[in-house]
> 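One structure, as structure tokens, below. Some questions next.
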There are 2 protein chains.
Amino acid sequence: MTSRDGYVWTEAEGLRAGVRSIGVIEPPSNLTDNTIIFDVIIVGAGYCGLTAARDATLSGLKVLLLEGRDRIGGRSWSTDIGRYPFEMGGTWVHWGQPHVWREISRYEMRDQIEISYDFSSGINQYLMVNAEGTQSMTHDEEDALMESGLQKFFNVDGKSGRDIMPFPHNASFNPEVLKYDKQTVAERLFEIRNFLTPNERVAIEAFVLLCSGGTLETTSFFELLHWWALSEYSYQGCIEYLVKYKFRFGQSSFSIRFFREAQETGNLSYVFNCPIVSVRNEENVVQVTARDGQTFEARRMISAMPLNVLNAVHFNPALSPGRKAAADIGHINQCIKVHAEIKDRHLRSWTGISYPHNRLIYGFGDGTTPAGNTHVVCFGAQHNHFEPEDDIQETIKALNGFVEMHIERIVFHNWSKDEFAKGAWFFPGPEFVTKHLEDLRLREGNIFFASSDWAVGWRSFIDGAIEEGTRAALAVKRDLQRIPKQL
Amino acid sequence: MTSRDGYVWTEAEGLRAGVRSIGVIEPPSNLTDNTIIFDVIIVGAGYCGLTAARDATLSGLKVLLLEGRDRIGGRSWSTDIGRYPFEMGGTWVHWGQPHVWREISRYEMRDQIEISYDFSSGINQYLMVNAEGTQSMTHDEEDALMESGLQKFFNVDGKSGRDIMPFPHNASFNPEVLKYDKQTVAERLFEIRNFLTPNERVAIEAFVLLCSGGTLETTSFFELLHWWALSEYSYQGCIEYLVKYKFRFGQSSFSIRFFREAQETGNLSYVFNCPIVSVRNEENVVQVTARDGQTFEARRMISAMPLNVLNAVHFNPALSPGRKAAADIGHINQCIKVHAEIKDRHLRSWTGISYPHNRLIYGFGDGTTPAGNTHVVCFGAQHNHFEPEDDIQETIKALNGFVEMHIERIVFHNWSKDEFAKGAWFFPGPEFVTKHLEDLRLREGNIFFASSDWAVGWRSFIDGAIEEGTRAALAVKRDLQRIPKQL
């Protein structure tokens with residue numbers, strides 16, 4: 001099935017919107033009776049909404065899942081281009097991500113995990129490109145450079161961050177750490193400017209922008225410390241946790257398990273292609289109105305919409321001032337992720353940065369396609385932001401800004417222009433977490449708000465989405481257990 | 001409520017069998033109709049059986065939970081002595097244990113985690129005792145000694161074990177690693193005998209026996225490599241993952257959540273104090289007979305009994321030869337875990353080993369009791385094994401074999417003498433995993449076998465128990481979905 005989402009470009013066919021994916025749900029609705037009052041309406045079929053839908057249907061609740069798109073997965077979905085999965089959003093998983101790993105284990109998918117990198121063949125090179133030219137290093141030299149730079153960057157306590165944030169799933173276990181939410185990365189870099197080599201500085205900046213998708217001035221240092229703590233306080237850990245292990249058959253092969261299991265309960269109704277415009281949160285019922293005018297009712301609602309689109313829906317009564325303010329500020333991640341299938345087999349082992357002049361900052365070999373071509377994945381950020389579909393020659397130029405590539409195909413999803421995301425994974429500006437996280441986690445009347453964007457642990461990750469979907473489903477179940485059916 | 005399990009000794013009251021715990025279930029049964037044919041009978045109410053019972057009841061199956069003891073938790077339970085939890089078995093948890101952490105997060109218990117150690121007060125000392133006397137080190141020196149010794153011990157690949165076992169939740173991702181299952185720890189130590197300092201050798205041996213509860217000659221080096229890989233290939237990681245974070249209100253405050261949630265579904269029947277003696281595994285039904293002659297029937301059964309007691313039950317037809325052989329061999333862990341409440345406040349910061357002459361090998365400060373006393377926990381193994389209840393003066397002597405202690409109370413559970421465990425957490429001898437693990441994971445007719453003892457990831461840990469309970473509940477649900485109710 002072909003989704004409306006995503007773009008593919010080839011020389012022969014030019015740029016086309018819409019990409020095949022096994023995450024497309026066809027037919028898009030199984031709802032026959034519009035007058036049912038559901039136990040819970042879940043808005044959003046990303047991992048958070050899917051987890052909530054699965055858990056709620058398993059526990060016997062009648063669920064209506066509404067999704068604006070034609071597919072599941074939200075900000076994580078994979079293509080099915082010649083059976084090959086290009087990951088359009090969230091990609092990598094790790095057994096140190098508890099919620100995601102519990103599901104991989106439960107669905108017995110641990111044998112379907114493979115490694116993105118392959119340093120066993122081709123030129124094993126790290127290429128650092130800046131305006132003056134290209135430096136070439138071995139991957140061991142790359143690792144040493146990154147480790148030494150990042151250790152300086154994060155070593156605020158003489159213990160690589162371990163003392164200041166010992167317990168990343170309860171990040172303010174040591175409340176002292178919260179002061180770093182006042183600091184931007186630009187400010188932290190200024191603090192340590194005399195201790196970094198020029199290469200370390202460039203490497204850190206590129207790495208930070210890969211994580212935050214923002215700019216150095218808009219990225220909270222606290223949140224990066226949180227990623228660092230989650231990744232075991234080392235660059236080696238960051239590689240292991242953040243960009244190494246992925247699904248052989250793509251993220252959509254994982255997300256579809258949640259959807260199918262919910263379906264099998266017989267308790268799941270769903271409508272795809274159904275963006276919502278307004279929500280009435282009344283005493284005993286929530287009424288949701290879709291863009292096409294349809295209305296749906298339930299005793300409770302789980303909003304699994306991302307932060308950056310929350311204010312696009314009209315809530316009555318209005319959202320709490322704290323939540324509304326948070327959604328107005330939003331998060332800063334405008335990551336651009338571009339895949340290229342290239343003839344250059346020797347680049348399978350390539351990693352590189354091209355910064356600060358290039359429109360794409362970070363890239364590496366991510367796989368080998370069925371045709372035997374190399375698949376590389378490259379990332380840009382708000383720094384030097386662009387829209388890859390607007391001028392494909394600019395995109396090709398940005399790809400060649402790392403190293404010469406012979407491009408067969410380009411594949412991407414523009415998350416910034418996506419009306420159901422308005423950005424990539426959550427990354428906060430300074431003071432956002434300390435000022436707004438708690439507000440975002442609160443219930444309002446019959447509505448429970450769940451999103452990886454305000455998870456406690458692996459916030460921003462698929463893991464955080466599952467954490468939050470799990471939380472919301474249990475909360476709704478408990479809430480409805482307390483009261484008899486009245487409607 | 002007071003369990004029959006466990007022992008407490010005080011000078012005033014002497015030795016008493018039976019300890020208070022919030023894990024005791026009262027009344028012990030809610031079964032009113034013995035003729036019900038259940039969807040599934042689950043035998044064993046440890047974390048594995050509890051998880052299976054919770055998940056199966058949540059998915060709508062009618063479950064009968066049978067347990068030989070008067071309490072939940074199996075090999076993990078905590079006392080309620082003056083409201084203080086002494087952990088009688090499995091204790092520590094970590095967010096890197098995915099199944100356990102998913103549950104802690106789901107039950108919103110992450111704020112109930114605290115740290116065993118407290119090096120902020122008293123004498124911050126590591127005491128190494130051997131027959132010749134005592135060496136005193138700082139904890140930094142202890143860490144350096146352990147790290148350097150263990151790195152030599154596990155560095156079989158020049159990468160601290162990362163190359164040979166990169167993916168601990170799929171431990172044979174690199175099949176080369178399986179050769180280490182042929183090797184005992186004694187053999188590995190012989191290999192590196194010329195590279196270890198005398199202190200490193202002693203420290204490693206004590207650490208290994210703390211992990212395996214066996215002897216150097218009976219401990220599989222492969223399994224230790226697995227623990228090491230799970231613990232991020234460092235001694236620092238071992239501390240973090242294995243012995244640092246525990247529940248402020250004890251393990252039983254966690255396990256009771258699973259039980260209560262299963263109860264709330266209305267689908268859970270249970271009988272405690274109900275050891276089983278035989279199982280008939282027929283075409284469409286499983287019949288279970290208890291020691292008191294009662295019989296129970298279900299369409300499926302989940303055996304959540306530990307490896308070492310599997311052959312105490314008579315199965316008809318007989319268990320598969322592979323499973324039976326594995327259960328005949330059993331695992332080697334005869335760990336002795338003894339808690340002492342001591343007046344010596346300065347020992348809160350103590351860690352130590354006393355080896356090889358002492359009957360307890362490893363100990364450290366584990367908490368402060370409500371009376372303001374120090375709580376220390378100490379471990380012995382099959383090496384120099386003893387039964388703490390047999391001669392309490394010998395036990396006191398073993399405790400004082402670390403450092404002089406003024407003992408107010410001793411608390412322990414004798415796992416070796418426990419008829420429902422016959423040992424502590426699973427630890428295999430050489431070749432056990434390669435020869436028997438797959439057999440132990442297979443279904444036989446209507447019976448699904450689940451236990452941390454044959455988990456894939458954190459095998460032997462609470463995490464592995466939850467992994468296995470999760471697997472079994474899903475497998476039974478799927479199996480019963482395929483066929484209509486016939487009975």
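Throughout, protein chains are lettered first and strands after them, A, B, ... in sequence-line order, and every chain is numbered starting at 1.
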> Measure up the B:Trp95 and A:Phe167 rings against each other and bin them: parallel (under 30°), tilted (30 to 60°), perpendicular (over 60°).
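Judged by the thresholds at 30° and 60°, the geometry between B:Trp95 and A:Phe167 is parallel.
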
> Can you tell which part of A:Arg110 gets under 4.5 Å to a heavy atom of chain B, answering side chain, backbone, both or neither?
both

> Supply the atom-to-atom distance B:Leu474 CG to A:Ser105 OG, rounded to the nearest 0.5 angstrom.
10.0 Å

> Just so I understand: if I count every heavy-atom pair under 4.5 Å between each of A:Glu108, A:Glu232, A:Glu261 and chain B, which residue has the most?
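Between A:Glu108, A:Glu232, A:Glu261, the count favours A:Glu232.
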
> A:Tyr233 versus chain B, heavy atoms under 4.5 Å apart: side chain, backbone, both or neither?
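For A:Tyr233, no heavy atom lies under 4.5 Å from chain B.
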
> A side-chain contact here means heavy atoms from C-beta on lying under 4.5 Å apart; do A:Gln236 and B:Arg162 qualify?
yes

> State, with a plain yes or no, whether a side-chain heavy atom of B:Pro98 is found less than 4.5 Å away from one of A:Gln97.
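B:Pro98 vs A:Gln97: side chains apart.
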
> Just so I know, are the side chains of A:Phe173 and B:Asp111 near enough to count as touching, which here means a heavy-atom distance under 4.5 Å?
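No, every pair of side-chain atoms sits at 4.5 Å or beyond.
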
> Are B:His169 and A:Ile113 packed together at the side-chain level, in the sense that at least one heavy-atom pair is separated by less than 4.5 angstrom?
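No. Closest side-chain heavy atoms not under 4.5 Å.
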
> Taking every non-hydrogen pair under 4.5 Å, which of B:Glu467, B:Arg471, B:Arg478 racks up the most with chain A?
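Of the options given, most contacts go to B:Glu467.
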
> Under 4.5 Å heavy-atom distance to chain B, tell me which part of A:Val456 shows up: side chain, backbone, both or neither.
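Contact with chain B: side chain only.
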
> Applying salt bridge (charged side-chain N to carboxylate O under 4.0 Å, His left out), run through B:Glu264 and A:Lys477 and close with a yes or a no.
CA-CA 11 Å; B:Glu264 283 164 17; A:Lys477 185 190 80 158; 5.0 Å; no

